[in-house]
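Chain A is the first sequence line, chain B the second, and so forth, proteins listed ahead of strands; every chain is numbered from 1. Side chains are part of it too, since the values below use all heavy atoms of this structure and drop only hydrogens, waters and symmetry mates. Note that this is a predicted model, so its numbers are computed, not measured.
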There are 2 protein chains.
Amino acid sequence: MSLRYGLLGLLAEGPASGYDLARRFQEALSPVWPAQHPKIYAELSRLSDAGMIEVDSHGPRGRKAYRITDTGLSEVRRWLTEGEVDHTLRTESVLRSFFFWLMEPDDLQEHLRREQRFFTETADLARGYAAAKDRGDFGTSPQTRSMRVAVEAAIGFYQALADWAEWAQTVPPAIPEGDPES
Amino acid sequence: MSLRYGLLGLLAEGPASGYDLARRFQEALSPVWPAQHPKIYAELSRLSDAGMIEVDSHGPRGRKAYRITDTGLSEVRRWLTEGEVDHTLRTESVLRSFFFWLMEPDDLQEHLRREQRFFTETADLARGYAAAKDRGDFGTSPQTRSMRVAVEAAIGFYQALADWAEWAQTVPPAIPEGDPES
DNA sequence: ACTCCACATGTAACAGGGGACATGTACCTA
DNA sequence: TAGGTACATGTCCCCTGTTACATGTGGAGT
């Protein structure tokens, strides 16, 4: 259901087309909740059926313009305050680490270096985004304020993963432990 | 495909029944890759069809015993070294934060307190698990060594999320910014 | 006016995951 | 020995998400 509320939340900022929403998901929300356009269009028609959004065909340049209704607005708010938070987390990166013992030490080191680089770059990217927000309009609207909070979370856990990958490289791969010279 | 490799990885440690595998997923892997038994049994039969595992019906107490084949073992190894890492991450917690501006300040504070508590508890749980490993057999077998690395990752990002939730409580909810008295 | 391209909206087919339900088996206890 | 309970294996259906494909539209350049 998260996609549904993601759409409602974005529409709470103002009317938008399906294309706009897909773009915003890609640009802002993708690090924490990826969504492709087929799913978005499908969900929009369901939201429309449920009376949570209104559709204005023939918006600017043939775009459809979706606008949130009062029903929709109170539904997001209800979700935010009363809805159970789903804490499910899936990270293939960490799942793999359970099986590191199956890898050759050299392959493992190379793998961890790559992972560290990836997480560091992602964290830096988010940091840059946050910095831009700060220079520009952090503090201007409640939306950008919220955005900053979200970005800060992303920075935090990508940095945590980067640190982990770096630390993992220092963990000795095997355990001689009194192993008599080979 | 991660579930498939998770199963192969666990079976690389030794033969196990479907029930055993489900239990291990629940106890050890669930924080990073939840999986329920229906999925596991289905995947096991697919793995068996693919010749990556062998089934011995009539193991101890009517359990089926699954054993990894050479094909299966080299397939996990291939995945670990050559397979593209899927870095997809979905966190409803953080998605919600994009829409915090829609919440009443009091509700938001309450929400963040709850989140902080949840993440702190999860991190502590993982820490306790790691400590047990250290006291007992950290360093004994390559498997437990890998486990420790995995648990360390979990501690890291749950702690990062806990810190974030704590920090977010200190962010002022609105932006007076020269707002003239009310 | 024509054509091309970026913008924009969709459909179809498939893969993965979760909840509910069904069944069977061994062991323990009354 | 009858019944209960924890162990164990499986099926079914639905929901979510992804990839590939199909279509339509407006504006910019020639």
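Nearest nucleotide to the B:Pro38 side chain, out of C:dA12, C:dG17, C:dA20: C:dA20. Among the nucleotides C:dG17, D:dT16, D:dT9, the one closest to the side chain of A:Arg46 is D:dT16.
At a cut-off of 3.5 Å, with distance as the only test, a side-chain donor of A:Glu92 or B:Ser2 sits close to an acceptor on the other residue. Side chains of A:Glu115 and A:Ser93: a donor-acceptor N/O pair is present below 3.5 angstrom, by distance only.
Within 4.0 Å of B:Arg90, counting heavy atoms only, lie sugar-phosphate atoms of the nucleic acid but no base atom. B:Ser45 comes within contact range of no nucleotide atom at all, as no heavy-atom separation falls under 4.0 Å. A:Tyr66 comes within 4.0 angstrom of sugar-phosphate atoms only, judged by non-hydrogen atoms across all strands, and of no base.
Distance A:Ile40 CD1 to D:dT18 C1': 13 Å, rounded to the nearest Å. In this structure, NZ of A:Lys64 is placed 13 Å from C1' of D:dT23, rounded to the nearest angstrom. In this structure, the CG atom of B:Leu3 is 17 Å from the C1' atom of D:dG17, given to the nearest Å. When the P atom of C:dG19 is taken as reference, atom CD of A:Glu84 falls 13 Å away, rounded to whole Å. The CD atom of A:Gln36 sits 17 Å away from the P atom of C:dT9 (whole-angstrom rounding). Atom pair A:Glu43:CD and C:dT9:C1' shows a separation of 16 Å (rounding to whole Å applied). Remark: P of D:dT16 and CE of A:Met1 are 4 Å apart, rounded to the nearest angstrom. At whole-Å resolution of the value, CD in A:Glu92 and P in C:dG17 are 11 Å apart.
Between B:Leu44 and B:Thr88, the one whose closest nucleotide on DNA chain D sits nearer the 5' end is B:Leu44. Between A:His37 and B:Arg23, it is B:Arg23 whose nearest contact on DNA chain D lies nearer the 5' terminus.
Contact between the side-chain N/O atoms of B:Arg4 and the OP1/OP2 oxygens of C:dG17 is not found at any separation under 4.0 Å. In this model, the phosphate group of C:dT9 is approached by a side-chain N or O of A:Tyr41 to a distance below 4.0 Å at OP1 or OP2. Put simply, B:Lys39 has no side-chain N or O that comes within less than 4.0 Å of OP1 or OP2 on C:dA15.
Side-chain contact between A:Trp164 and B:Ile155 is absent, with no heavy-atom pair separated by less than 4.5 Å.
Cation-pi geometry between A:Arg96 and B:Trp33 is not satisfied (NZ or CZ under 6.0 Å from the ring centre, within 45° of the ring normal).
The aromatic rings of B:Phe118 and A:His87 lie parallel to each other, their planes meeting at an angle below 30°, with 60° marking the opposite boundary.
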